[in-house]
S.K.: 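The structure that follows is given in the form of structure tokens.
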Amino acid sequence: MKLTLQLRSFLALAGLLVALLLAINLALGLFLPPYLRSRIESDLERQTLLARAALAAVPPDQLNAIAARLHSETGLRVTVIAPDGKVIAESDKKPDELAAIENHLYRHEIQDALRNGAGHARRHSDTIGVDLAYCAVRAPQGFVRLALPLHEIAATTGHVQRTVAVASLVVGLLAIPSTYWLTRRIVRPISEMREIAGHVARGDFARQAPEHLSGELGELAGALNDMSRQLETRLRELSEEKASLAAVLAGMTEGVLVTDAAGRIRLINRALREQFQLGDESLGKTALEVFRNVELEQLIAAPGARELTFLTPTERTFAVNAADLRNKTGTVVVFHDITRLKQLENVRKEFVANVSHELRTPLSLIKGCIETLLDDPPPDAASAHGFLQTIQRHSRRLELLVEDLLNISALESQRAQLNFAPVALRELAAAVADELAPQARDKNIAVAVEMPPDLSAARADAERLRQVFVNLLDNALKYTPPGGHVAVTARAGAGEIECCIADDGPGIAPEHLPRIFERFYRVDKARSRELGGTGLGLSIVKHIVQSHGGRVWAESRVGEGSRFCFTLPI
Ligand code: ADP
């Protein structure tokens, strides 16, 4: 059974009270009888001295009668003993019985009186058959001795002890309920406050300690209520702070990782979980176990900033910043995904290199021709004409290249706003075919525009769409050998129009197909250049189609022909 504080206090107080009363009774039992005895003995000695004075002038023949009278008046036994120990008067005996009493000279009290003038003894009297306390003093007759029955001492002690015991019982019985009431009065508010403290510890701040109590208990209750209020405010502030921090962390596009001082992961925000496909099982592990990247581990150990590349789940590059938390209780690491930036940077570098390369060839050819023309002696007229034609061809190539570059740059910078309007594809394709008819005629290629007359209009920028048709049709005419066929077809699909330009030219090998829409990618560089290609035509097509929300692709079989298709939303 669990003892409550009240029960314990009550039992302790009651125990203390009982122990106190027992101790009083025990002390009385132990110390009262000897004390009473010593008091009685000193009284007895004084009474003996009085008896000696009373008996001093009494003639010997009347001694026994006077002794008997003293006895009847005081209740004390009186004995007069001659210096040789013979009893000459005895209050309990008749004169004729005195001779039969044995000699008292060697009685302890007589010997004592002989030595010290007064002597005491306690013993059983054979003469009268009871326990007696004796006191003897020297007297003119020899010795006077008084005796008091000891049972009187026992009776006095017993009476005092009984009185005290009854008083103790009464005090005990009266004190127990009041002790109970007192402990209850003190302990009850304490228990109540303990209970309230328990509620506060569990985060329940609704209950208040009773502040009406007086004294220290009232102060304690007030302090408890204060503490509870402050705790509640702090907790609310903390949870609000925590919620806003959680919202910030969750809303961040950057990944955030927090580790403790031992390098174990304490927090991963949503962005980081998504970027690395992590779950709660990563919590408590080290960054090395989770990310398998030694450089990240080093960065956490020695915070700073670094660019790190992770290979799983996909290859990505991050600008990673690590900083110590306050008091070095851990590290916070922020992951900024710069994969796309890196890719763009690479694309840009590659583009600049490609452009420079594309420009250099025609420029150096033109420069060479000019230098030859300026030679001394100058070349003959026929050769000079040839050089001028080369210059013309390559300047034309430069012009085309710059035109395509400007197109691409306009498309990419999105400066070129698209003017969307319904466009009739059939008419547009027919117009482009007409435009390129001379080229087709030169190579004896049949171009057929086979589109249904009721084809819905596409939502597009007419000028840009014209460029798509020109580039695709131009490619078909360029790469298809003389006598070939080119067909432009279209059909309406779900919410879009699919348009294809097919030829029966040389076709494109499967390994090149996925790359032909890249800038400057050519299957056969020399042939493309010879035909006046810049390597940018298809990438411009892709750009335009995608900015219209459409898709573009190529299908081909080597030796059978190629088919370039794109879709446009209706
Ligand atoms: P280019 O200016 O070289 O034609 P494009 O971007 O228009 O550049 O085309 C890229 C490459 O795709 C071309 O060099 C060519 O090798 C190939 N190609 C494009 N169209 C066709 C086609 N109709 N038939 C065969 N090959 C083609």
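First listed ligand is number 1; within each ligand, the first listed atom is number 1. All values derive from a computational prediction rather than experimental measurement.
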S.K.: Among all protein non-hydrogen atoms, which one is nearest to atom 12 (O) of ligand 1, and what is the separation to 0.1 Å?
M.R.: I516 CG2, 3.7 Å
S.K.: Starting from atom 26 (N) of ligand 1, which protein heavy atom do you reach first, and at what distance in Å?
M.R.: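 Protein heavy atom with the smallest distance to atom 26 (N) of ligand 1: I508 CG1, 3.5 Å.
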S.K.: May I ask you to list the atoms of ligand 1 that are less than 4.0 angstrom from any heavy atom of F564?
M.R.: 19 (C), 20 (N), 21 (C), 22 (C), 23 (N)
S.K.: Side chains of T329 and N327: do they bring a donor and an acceptor to under 3.5 Å?
M.R.: no
S.K.: Got the closest protein heavy atom to atom 19 (C) of ligand 1, with its distance?
M.R.: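 For atom 19 (C) of ligand 1, the nearest protein heavy atom comes out as N475 ND2, 3.5 Å.
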S.K.: For the CD atom on E511, are there more than 12 heavy atoms of other groups (residues, nucleotides or ligands in this structure) within a distance under 6.0 Å?
M.R.: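 Check passes, neighbour count above 12.
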S.K.: State whether E435 and R466 are salt-bridged, where the test is any N-O pair (Lys NZ or Arg NE/NH1/NH2 against Asp/Glu carboxylate O) under 4.0 Å.
M.R.: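 A salt bridge is present here (some side-chain N lies under 4.0 Å from a carboxylate O).
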S.K.: With under 30° as parallel and over 60° as perpendicular, where do the rings of H512 and Y521 fit, or are they tilted in between?
M.R.: tilted
S.K.: Is there side-chain contact between C369 and I366, with at least one heavy-atom pair below 4.5 Å?
M.R.: no
S.K.: Quick check: does any side chain N or O of S364 sit under 3.5 Å from a backbone N or O of R360, one acting as donor and the other as acceptor?
M.R.: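 Answer holds: yes.
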S.K.: Is the closest heavy atom of G505 to ligand 1 under 4.0 Å?
M.R.: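 No, G505 has no heavy atoms under 4.0 Å from ligand 1.
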S.K.: Please write down residue, atom name and distance for the protein heavy atom closest to atom 13 (C) of ligand 1.
M.R.: Y479 OH, 3.4 Å
S.K.: Give the atom numbers and elements of ligand 1 that come within less than 4.0 Å of a heavy atom of G537.
M.R.: 5 (P), 6 (O), 7 (O)
S.K.: With atoms numbered from 1 as shown, which atoms in ligand 1 lie under 4.0 angstrom from a non-hydrogen atom of V523?
M.R.: 14 (O), 16 (O)
S.K.: Quick one: which ligand 1 atoms are inside 4.0 Å of a heavy atom on Y521?
M.R.: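 That gives atoms 10 (C), 11 (C) of ligand 1.
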S.K.: Any idea which part of D503 is under 4.0 Å from ligand 1, heavy-atom wise: side chain, backbone, both or neither?
M.R.: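 Under 4.0 Å from ligand 1, D503 contributes side-chain atoms alone.
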S.K.: Could you tell me which atoms of ligand 1, counted from 1 in the order shown, lie closer than 4.0 angstrom to a heavy atom of G535?
M.R.: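 What qualifies from ligand 1 is 1 (P), 2 (O), 3 (O), 6 (O), 8 (O).
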S.K.: Around Q392, counting heavy atoms of other residues, nucleotides and ligands shown, do more than 12 lie under 6.0 Å from its CD?
M.R.: no
S.K.: Measuring only between side-chain heavy atoms, which start at C-beta, is V256 closer than 4.5 Å to I268?
M.R.: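 Side chain of V256 against side chain of I268, heavy atoms only: no contact under 4.5 Å found.
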S.K.: Provide the number and element of each atom of ligand 1 under 4.0 Å from a heavy atom of S562.
M.R.: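 Result: 24 (N), 25 (C).
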S.K.: Should the proximity of K478 to ligand 1, defined as any heavy atom under 4.0 Å, be assigned to the side chain, the backbone, both, or neither?
M.R.: side chain
S.K.: L538 heavy atoms, cut-off 4.0 Å: which ligand 1 atoms fall inside?
M.R.: 5 (P), 6 (O), 7 (O), 9 (O), 10 (C), 12 (O), 19 (C)
S.K.: Can you list the ligand 1 atoms lying under 4.0 Å from a non-hydrogen atom of S528?
M.R.: 1 (P), 3 (O), 14 (O)
S.K.: Looking only at distances, can you tell me whether any N or O atom of S539, backbone or side chain, sits closer than 3.5 Å to an N or O atom of ligand 1?
M.R.: no
S.K.: Does R459 make a cation-pi contact with F420 (under 6.0 Å, within 45 degrees of the axis)?
M.R.: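 Yes, R459 and F420 form such a contact.
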S.K.: Do the ring centers of F276 and F318 come within less than 6.0 Å of each other?
M.R.: yes
